[in-house]
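Below is one structure; the comments refer to it alone.
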Amino acid sequence: NIMSIYFHLVEGFGHPKPLTCIPRTKDSWKVYMICIQQNEKCSLIYADTARLAAKERTVVPEMFNSLLIATHSGQPLSAHYHKEGDCHPAFDMSYKDHKGQHKTITVYRIRQDNVRLYFIYRSEKTIILLKVLAKFKRKLPDSDQTQIEKLARIVLKLKDPEQIRERII
């Protein structure tokens, strides 16, 4: 439901206080987690992380740390993730924008150890994190892809960047 979606700026990752905070600059990418209430504890990324096995859960703070380093300079993420497959397009999907027009977007995946993080780019150097998943056998299971697409479609229905900005908590 589009009404109950909010965005929280990621500046570190960890409970109760983020482990590391790299000071952001005006050039840095802004990385947001989706929250289903006006409370950062209701972040879907935290819920995904809680569902991971203990061994995979320990990778998540490292993955976020690398992501914050990679997004710090404002350069394309590919400038930081050098190994092939560390940050790459996962799949393309169609959606309707706020005007109801049909469009296509690429969902990207970051890979770290046994964990995968899915996200989309929006305007004004904005990255919206969609889902954290444990590594899978060969390809992304359809059920997971469907969940990621559903979430992305809710975000993509918002007028970019105005309606994203007004939902930041």
Considering only heavy atoms from C-beta outward, does the side chain of [X] approach that of [Y] to under 4.5 Å?
X: S66; Y: Y81; value: yes
X: P161; Y: T126; value: no
X: S73; Y: H80; value: yes
X: R24; Y: L68; value: yes
X: R116; Y: R111; value: yes

(message) A quick test of your reading: do over 12 heavy atoms of other residues, nucleotides or ligands sit less than 6.0 Å from CD of Q37?
(response)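 No - once you tally the heavy atoms of other residues, nucleotides and ligands closer than 6.0 Å, there are 12 at most.
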(message) Using 30° and 60° as the class boundaries, would you call the ring planes of Y121 and W29 parallel, tilted or perpendicular?
(response)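 Y121 vs W29 ring planes: tilted.
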Determine the minimum heavy-atom distance between [X] and [Y], stating which atoms define it.
X: A70; Y: L77; value: O-CD1, 4.4 Å
X: Y32; Y: V10; value: C-CG2, 4.2 Å
X: P61; Y: T58; value: CD-O, 3.4 Å

What distance separates [X] [atom1] from [Y] [atom2], expressed to the nearest 0.5 Å?
X: L129; Y: I45; atom1: CG; atom2: CD1; result: 5.0 Å
X: M33; Y: Y6; atom1: CE; atom2: OH; result: 16.0 Å
X: H8; Y: E40; atom1: NE2; atom2: CD; result: 3.5 Å
X: E62; Y: D113; atom1: CD; atom2: CG; result: 6.0 Å
X: I110; Y: H88; atom1: CD1; atom2: NE2; result: 10.0 Å
X: L44; Y: I5; atom1: CG; atom2: CD1; result: 7.5 Å

Going by atom type alone, with no hydrogens or angles, which donor-acceptor pairs under 3.5 Å involve a side-chain atom of residues 133-145 and a protein atom two or more places apart or on another chain?
residue : atom : partner : partner atom : Å
K139    : NZ   : D142    : OD1          : 3.4
Q145    : NE2  : E149    : OE2          : 2.9

(request) Take L156 and R122 through the test side chain to side chain contact (heavy atoms under 4.5 Å, CB included) and record every step on the way to the result. (result) CA-CA 9 Å; L156 295 164; R122 302 311 288 138; 3.3 Å; yes
Verify, without hydrogens or angle tests, whether [X] (side chain) and [Y] (backbone) share a donor-acceptor contact under 3.5 angstrom.
X: H72; Y: S28; answer: no
X: N114; Y: E56; answer: no
X: R167; Y: F7; answer: no
X: R51; Y: V132; answer: no
X: K131; Y: D48; answer: no

Identify all side-chain donor-acceptor contacts of residues 90-97 below 3.5 Å with residues at least two apart in sequence or on another chain.
residue : atom : partner : partner atom : Å
D92     : OD1  : T106    : OG1          : 2.7
D97     : OD1  : K99     : N            : 2.8
D97     : OD1  : G100    : N            : 3.1
D97     : OD1  : Q101    : N            : 2.9
D97     : OD2  : K103    : NZ           : 3.1

